[in-house]
Amino acid sequence: MFGSLKALPADPILGLLAKYREDSNPQKIDLGVGVYKDEAGHTAILKCVKTAEKHRNDTEDTKVYIGPTGSPLFNDEMSKLIFGDHKVLSENRARTVSTPGGTGALRVAAEFIKSCKAGATIWVSNPTWANHTGLFEAAGLTVKTYPYYDHENKCLDFDGMLAALKEVSADDAVLLHACCHNPSGMDLNQEQWQQVTEVAKDIGFLPVVDMAYQGFGTGLDEDAAGLRLLANNVEEMVVCSSCSKNFGLYRERIGATTIIGKSSTAIDIAYSVLLSVVRVIYSMPPAHGAALVETILSSDELRSQWHQELAEMRNRINGNRQIIVDKLIENGVERDFSFITRQNGMFSFLGITPEQVQRLQDEFSIYMVGSSRMSIAGIAKSNVDYLAQSIAKVL
Ligand code: LMR
């Protein structure tokens, strides 16, 4: 059976991790995978997570099955984090299940959409997270793209996006990034969300919102403002969220899929299908990460500590955006990189060629995705001079 297989190349994002680890250059810089790092290049466990973990150790008294939906308390807290005091919650039109990470949330969403309509089409931004296309296709969806990032002018191609969305059919799904667009860092402003909302409402396509970075853009509520606006105006919607980045729970694999329906009766029917989707993929989600998140979100003290730690991560990344732009100027680079300061979240495209990306890797041990997507969190005061000098050399 296995004899017919052909070896596949390493994943364009995860493959960089292995290469980076093997590199013995003490000056190496990891701007690859979207993982938060502190000034020392370390991805520490959040203090609020440490406390929640101790509490969990002291109080957990069973390892019995949790069921396909995951922990009800986690699901409840997550839906409040996503929607605040939104009417979809008071109208009882939302249902959330815990999932194995954000990728699990997306896969569950994809399988659910397939249950609604076999072979459905989902539109994704061009560009989008490298795993979106493969993940949706693996679930049997057809993937099409709408214009999003204007590489030439380093800005949003909003006219192109809107024009393409107007051609989408009512039976299709459209994937939108809630905030911190991965890979471009280019987000919709509230006025643009309004226009997208109007198109979604007019056509009636299913919005699927991927929120992997809530709190990394401007703030927890601010980052969810676009999807809340959308939820005010459409009858059905899917939200996939992740606790990997904002709680730093990467390896615990905890995220959530939330579906919104026309009424509480309609959503109960949809929810029964969602649970059957979960059952045949992985039966039930891992419980540990969810227990930590629910402990933090349901304690005033831990929640406020989390807000503080999240703000620290966000502010450091935003600070890095200005620092790298200034350092490039200081190193005589004439090309305008100021667009980096107008983008949000973990990523921006540097906007250099794949050959230049490769040179950065081969000659300077600087690792970023081939598209020149760089993880801004990997920049630190200790490496930014070397980084700017290296970029100046390959330019
Ligand atoms: C990324 O885009 O780097 C992260 O979301 C990690 C991943 O799984 O690709």
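Each ligand, and each atom within it, is numbered from 1 in the order the structure gives. One-based numbering along the sequence shown.
Atoms of ligand 1 found under 4.0 Å from any heavy atom of Arg373, numbered from 1 in the order shown, are 1 (C), 2 (O), 3 (O). Taking every heavy atom of Tyr213 and a limit of under 4.0 angstrom, the matching atoms of ligand 1 come to 5 (O). Under a 4.0 Å criterion applied to the non-hydrogen atoms of Val33, ligand 1 contributes the atoms 3 (O), 6 (C).
Lys154 forms no cation-pi arrangement with Phe349, by the criterion of a distance under 6.0 Å to the ring centre and an angle within 45° of the ring axis.
Residues Asp336 and Ser338 have side chains that bring a donor and an acceptor to within less than 3.5 angstrom of each other.
With respect to atom 4 (C) of ligand 1, the closest heavy atom belonging to the protein is Lys245 NZ, 3.1 Å. The protein atom (non-hydrogen) at minimum distance from atom 8 (O) of ligand 1 is Trp129 CZ2, 3.5 Å.
With salt bridges taken as basic N to acidic carboxylate O contacts below 4.0 Å, one links Glu330 and Lys327.
A distance of 12.0 Å separates CG in Asp202 from CG in Leu165, rounded to the nearest 0.5 Å.
Any N or O atom pair closer than 3.5 Å counts here, and Gly34 shares at least one such pair with ligand 1.
Under the 3.5 Å distance criterion, the side-chain polar atoms of Thr99 are matched with a main-chain donor or acceptor of Ala256.
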Between His181 and Tyr213, is a ring-ring contact (aromatic ring centres under 6.0 Å, His included) present by the stated rule, with each step listed? CA-CA 9 Å; His181 183 268; Tyr213 294 88; over 10 Å; no
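Looking at Asn182 against ligand 1, only its side chain comes within 4.0 Å, counting heavy atoms. At a 4.0 Å heavy-atom cut-off, ligand 1 does not touch Met346 at all. Contact annotation: for Ile13 versus ligand 1, heavy atoms closer than 4.0 Å belong to the side chain alone.
Within 6.0 Å of the CD atom in Gln190, the count of heavy atoms belonging to other residues, nucleotides or ligands exceeds 12.
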